[in-house]
Undergrad: 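I have a structure here, written as structure tokens, and I will follow up with some questions on it.
Values below: all heavy atoms of this structure, side chains included; hydrogens, waters and symmetry mates excluded.
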Amino acid sequence: MSESNTPSGSNAPGPTAASADNGSTTGVTVTIGPPAIADAGTGSWVARFPLLVAFWALSRVVMACIFMTDLCSYIRNDVLYYGTAVASSPVPLLDRMTNVLDEYPTPIVGFLQVINALAGGSTSTFVSVFVLVLCLADGFAVAALFFRESPRAGWVWAAAGLLLGPLLWFRLDLLPALAVLGALHWMDRRPRLAGVMIALGAALKLWPALLIIPMMGRGRLARSRTLGFVVAGLVLGLGSLLTQGWARSASPLTYQGDRGLQIESVWATVPMVRRVISGDSGLTVFFSQYKAYEVSGPGVAGWIQVSDLLLVVMIVATVALGWLIGLRGVGLRGHRWAAPGEKDLGAIDWAIQLSLLAIICGVIVANKTLSPQYLMWLFPSLAIITARARGERQRRVVRRILAFAATSLALTPWVFPLGYSGLISSTPNAGVTWLLVLRNLGLVTLTAYSWFEAWRAAVRSGVFEPEL
């Protein structure tokens, strides 16, 4: 799960030495990653951890109390659906998964089968075990960020979870978010493992595959990340293909492609407002075969086409970011293919980190489907750019990103689950609809600003300045 300034001496582990990326053949050794803990006074640094633990524990109690209200308890239905789907699925895990959660990649089904085994086959116990595992994963991410990145990174994750609410524990999207967090953390420290984590994230939820593009290039670190991604991707892909067949391995792709316009997506905003303003709009909200509420009626097909077009534009822009960062924008004035010097590496890393956030935002906003749990995908990027920002300008960028993200996260639970009944009603609630509008405007603002800063950082990272 993703932006603020790093306090002096708050960063975790000792520096990692690595050769210059993107074509490093100079033999220059530089320091990559956060400065050593020892630089900050370890005693006071560690003493702050109990405060974060107390905040995390108290905030999660608040989230549990919210869950137990009548307006929120139904969010467990998805987990019940997972448990029911795998209750009769075969063991061992590599047996056929055809017609078992076809909308999810096979590694997700394997994870759910493990949860089912721990629950002893009981569906009600399945929910408890599922929530417990994700709660522990949430806590692990907060502690790992505090000790291995920076205290503020841990606070960002903990606060983001509180703003999103108890949905954090009742959806599978925390798993790919953790994989992306690992990739960002190990991007320079252990680049091959970072590539593996991106491949694992893609195996769990598909979209993280795009994140490897800005991390690629001809440099040593970039090549290692690419190698890790390709090898792990081939192992995971061939494993699914050989054990489950092509139809089941590809089913998540076809399932997503056939869906309609989900009511919470950015592109459904105008139709949803029309439902409130005009009682005779001809627009209908219904529960589709894809287990989501969609809107249909006049103009909806056009918005789906806009969404599809923007998704293509976003993918092309992602490739362009890869060219600007991995190939250093070769062909542009002032850019050339050259091994970066020591002073270039910080700019390259910053460009990659912002690019990953921009891509994640782009996937969320451009898509015709948008579920509230997708906002978990922001958590890792928000936390890492918080830890890695250097200088007042980068910290100012992070503060703005955090403000936009916090606004969107804070509004989301008021739309789903707390106000969802008013959104799907045949007589829609105007208040909830306008909250949806504000939330979506917040996401669009976050996305636009993230892309602006990512593009600017990517262009600057490739400017050639000869060493003196």
Undergrad: Is the shortest side-chain heavy-atom distance between W414 and R439 below 4.5 Å?
TA: no

Undergrad: Of all heavy-atom pairs between M216 and A222, which one has the smallest distance, and what is that distance?
TA: C-CB, 3.6 Å

Undergrad: With a 4.5 Å heavy-atom cut-off, do F416 and I75 have their side chains touching?
TA: yes

Undergrad: With side chains defined as the heavy atoms from C-beta onward, is the minimum distance between V156 and L145 less than 4.5 Å?
TA: no

Undergrad: Does the side chain of R60 reach to within under 4.5 Å of the side chain of L162, using non-hydrogen atoms?
TA: yes

Undergrad: What are the two closest non-hydrogen atoms of V363 and L210, and how far apart are they?
TA: CG2-CD1, 3.9 Å

Undergrad: Check the angle between the aromatic planes of F49 and F147 and answer parallel, tilted or perpendicular using the 30° and 60° thresholds.
TA: tilted

Undergrad: Quick check, are the ring centers of Y420 and Y74 under 6.0 angstrom apart?
TA: no

Undergrad: Hey, what do you get for CZ (R225) to CE (M197), rounding to the nearest 0.5 Å?
TA: 15.0 Å

Undergrad: Is there a side-chain contact between L51 and W155 in this structure, where contact means two heavy atoms from C-beta onward sitting under 4.5 Å apart?
TA: yes

Undergrad: Nearest heavy-atom pair of L174 and L134: which atoms, and what distance?
TA: CD2-O, 3.5 Å

Undergrad: Less than 6.0 angstrom separating the ring centers of Y82 and F126, yes or no?
TA: no

Undergrad: Do Y104 and L112 have side chains that get closer than 4.5 Å, going by heavy atoms?
TA: no

Undergrad: Grab the two heavy atoms, one from P413 and one from L163, that are nearest each other, plus how far apart they are.
TA: CG-O, 3.2 Å

Undergrad: Using a cut-off of 6.0 Å, state whether more than 12 heavy atoms not belonging to Y255 lie near its atom OH.
TA: yes

Undergrad: Is there a side-chain contact between Y374 and I360, using heavy atoms and a 4.5 Å cut-off?
TA: no

Undergrad: Check the orientation of F130 and F111. Use parallel for under 30°, tilted for 30 to 60°, and perpendicular for over 60°.
TA: perpendicular

Undergrad: Please find the pair of heavy atoms, one from I66 and one from L418, that lie closest to each other, and give the distance.
TA: CG2-CD2, 4.5 Å

Undergrad: Of the non-hydrogen atoms in P214 and L356, which two are nearest, and what is the gap between them?
TA: CG-CD1, 4.1 Å

Undergrad: With a sphere of 6.0 Å drawn around CZ of R259, does it hold more than 12 non-hydrogen atoms of other residues, nucleotides or ligands?
TA: yes

Undergrad: Applying side-chain contact (heavy atoms from CB on, under 4.5 Å), can you list everything that pairs with A366, at least two apart in sequence or on another chain?
TA: L310, L311

